[in-house]
Amino acid sequence: MKDTGVDRLPQPFRAMIIEPVLQLRGDAGQQDLRGNRSPEARLDEAIGLSAAINLQIFHAGVVKINNPKPGTLFGDGKVSELAGIVASEDLDLVVIDHPLSPVQQRNLERRLKTKVIDRTGLILEIFGDRARTKEGRLQVDLAHLSWQKSRLVRSWTHLERQRGGAGFMGGPGETQIEADRRQIQDRIIALQKQLDGVRRTRNLHRRKRKKIPQPVVALVGYTNAGKSTLFNRLTESDVFAKDLLFATLDPTLRKITLPHGKEVILSDTVGFISDLPTHLVAAFRATLEEVLEADLILHVRDISHSDTEAQAEDVKKTLSDLGVDALTGAPVIEVWNKIDCLDEAYREKLLSEAGQEGPVALSALTGAGIEQLAGRIDAFIARHDDILSVKLPVVEGALLAKLYQMADVMERVDGEDFVTAEVRVSDKQRGPFRELFSDYVFSDDSDDQPNS
């Protein structure tokens, strides 16, 4: 083996991808326990995940398992077959697209005589490769250590127990596994404290944004659905976007101006994926808090993907785990992306339905449908806004400056003694605005006189 650390895989690695299909015998015959999508689609996704870290795939296949073995998952015959493939292809790594227990991973490595990682280990490796900011690296380290802590097995038998106690010989002391687990737990606690600092800093920034305030629109979706490409299209920026799973890991925020002049903050977040372990979601909670605080969520879907419905369910499940749902969280607008990959008739049908109450169909790559999406966001943000007329004395320069801070000035007329403006006031600012400008707000039937 060239290396045994999941987070230190040399590249390129010669790899084999195995997609286990655990089957349950029932009245209707054998059924796939992970039946929300086909085994072939899951294998394609595993290959895509592997390509994200430049693994060279020399063999990939689906393996049906009727009776999972607690020691190796696969039966002895299949393990021997896989060992033969590893030896003949001189493979460095075997990726099992299924959770493996620590014992199963250890036994498979011994039988196959090469490194073996499961789906969680593969995702962790991708996360480690993608993280760029300090926050991202902290979250990856925390997720990795939380996963590693549960996978300590007896490997240092010559250090079965360390010496302990105060006597000459000492007592039995703690086992090596206990010492390793304690060290990992200490490191986890230290990382959690650092992430708490990141969370406090993020909360400070969030409170500053609320004072302005500008609504926050968060992009969420399955990995590789095109969120970063859509983000770049809406913000005219150059955030890294590529046809790769988990191309974006660190959160990015940019300000955009909607068609009627309203400014909002657009947030791009890490993509979701099926069977994402709970501790990974917990580790990235600091990043995903932007979703929890959003005023509007855009659920970006790859409508051209054969498993788009299953992917949408996985995203909804993850959002629900985070506390975002239709009843307690921010409203969600579905965005059907990649319509340029559909046939022309179906594409025209989706575009003709855009702008209604349902999903918005678009192509972030070509720009088709972007205007409809901007209009939907604009209409949503303004749905509870007040449109008011304000008349300020020209000598009140400080109030005029405050007016521009607290409201969107849609129209302004300058006179000799007064400045008259039509403004849009957001729901968040309604109370503070009324308190400050109540004496200067007037209606069309009040003879242009401010309220007394």
Side-chain angles (χ1 to χ4, degrees), residues 200-218 234-235 253-267 289-298 323-333 355 357 371 373-452:
R200 285 193 296 270
T201 302
R202 191 177 291 280
N203 286 335
L204 286 173
H205 293 165
R206 194 175 293 123
R207 283 201 294 270
K208 287 182 180 179
R209 289 201 302 268
K210 287 182 177 179
K211 288 180 180 178
I212 299 178
Q214 291 165 328
V216 176
V217 179
L234 289 170
T235 62
L253 292 88
R254 295 285 190 279
K255 186 187 297 184
I256 64 172
T257 303
L258 297 175
H260 288 95
K262 182 78 171 180
E263 289 186 338
V264 300
I265 295 174
L266 192 66
S267 171
E289 280 177 354
E290 293 295 342
V291 179
L292 296 175
E293 296 292 334
D295 298 279
L296 175 65
I297 295 174
L298 301 182
V324 178
D325 56 45
L327 297 177
T328 62
V332 179
I333 295 178
E357 291 300 317
E371 291 182 1
L373 176 62
R376 282 286 297 276
I377 297 173
D378 202 350
F380 174 85
I381 296 299
R383 75 194 191 288
H384 295 311
D385 289 354
D386 286 341
I387 306 298
L388 302 172
S389 296
V390 178
K391 191 172 185 178
L392 292 175
V394 294
V395 295
E396 296 287 356
L399 272 179
L400 184 62
K402 200 69 176 177
L403 182 72
Y404 276 87
Q405 290 180 10
M406 300 181 68
D408 292 326
V409 179
M410 303 166 60
E411 186 178 349
R412 170 177 168 172
V413 178
D414 293 321
E416 291 185 7
D417 300 319
F418 294 94
V419 175
T420 305
E422 186 175 15
V423 300
R424 183 195 303 271
V425 183
S426 68
D427 183 45
K428 289 182 178 180
Q429 286 288 80
R430 181 179 291 117
F433 186 89
R434 291 278 187 180
E435 184 178 345
L436 188 59
F437 291 97
S438 60
D439 293 337
Y440 305 100
V441 175
F442 69 94
S443 58
D444 294 336
D445 57 356
S446 60
D447 297 327
D448 288 351
Q449 294 297 318
N451 296 334
S452 58

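We're numbering straight along the sequence, starting at 1.
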Seminar exercise, completed: One should read off an interatomic distance between I381 CD1 and I377 CD1, to the nearest 0.5 angstrom, of 7.5 Å
Exercise. In chain order, what residues pass the salt bridge (charged side-chain N to carboxylate O under 4.0 Å, His left out) check against R412, with sequence neighbours excluded?
Worked result: D414
For this session: Not counting sequence neighbours, which residues clear side-chain hydrogen bond (donor to acceptor under 3.5 Å, both in side chains) with D417? List them please.
Result: none
Problem set entry | side chain to side chain contact (heavy atoms under 4.5 Å, CB included) between V425 and R434, worked out | CA-CA 10 Å; V425 183; R434 291 278 187 180; over 6 Å; no
For this session: Write down the atom of K402, the atom of L436, and the distance for their closest heavy-atom approach.
Result: CG-CD2, 3.5 Å
Exercise. Looking at V409 and A421, what are the two nearest heavy atoms and their distance?
Worked result: CG1-CB, 4.2 Å
Exercise. Salt bridge check: are D386 and R424 linked by an N-O gap of less than 4.0 Å?
Worked result: no
Exercise. Going through the checks in order, is the side chain to side chain contact (heavy atoms under 4.5 Å, CB included) test met by L400 and V419?
Worked result: CA-CA 9 Å; L400 184 62; V419 175; 4.2 Å; yes
For this session: Look at atom CD of E396 and say whether more than 12 heavy atoms of other residues, nucleotides or ligands are closer to it than 6.0 Å.
Result: yes
For this session: Measure the CG-CD distance between L373 and E371 for me, rounded to the nearest 0.5 Å.
Result: 11.0 Å
Exercise. In Å and rounded to the nearest 0.5 Å, what is the CZ to CG distance from R254 to L266?
Worked result: 10.0 Å
For this session: Answer whether the closest heavy-atom distance between the side chains of T420 and F442 falls below 4.5 Å.
Result: yes
Problem set entry | Minimum heavy-atom distance between L234 and I256, given as atom pair plus value | O-CG2, 3.6 Å
Exercise. What pair of heavy atoms forms the shortest contact from A374 to L258, and how long is it?
Worked result: O-CD2, 4.1 Å
For this session: For F433, check ring-ring contact (aromatic ring centres under 6.0 Å, His included) against everything at least two apart and list the hits.
Result: F437
Exercise. Quick one: CD on E435 to CZ on R430, what's the gap to the nearest 0.5 Å?
Worked result: 14.5 Å
Exercise. If you measure from OG on S267 to CG on L296, what distance do you get to the nearest 0.5 Å?
Worked result: 12.0 Å
Exercise. Does the pair V217 and I265 meet the rule for a side chain to side chain contact (heavy atoms under 4.5 Å, CB included), with working shown?
Worked result: CA-CA 6 Å; V217 179; I265 295 174; over 6 Å; no
Seminar exercise, completed: Shortest non-hydrogen pair, P215 vs E263, comes out as CD-O, 3.6 Å
For this session: Given side chain to side chain contact (heavy atoms under 4.5 Å, CB included), test L388 with E422 step by step and report yes or no.
Result: CA-CA 6 Å; L388 302 172; E422 186 175 15; over 6 Å; no
Exercise. Under a 4.5 Å cut-off applied to non-hydrogen side-chain atoms, are V332 and L298 in contact?
Worked result: no
Seminar exercise, completed: On a heavy-atom basis, the closest approach of M410 and V423 is SD-C, 4.2 Å
Problem set entry | Side-chain touch L399/Y440, heavy atoms, less than 4.5 angstrom | yes
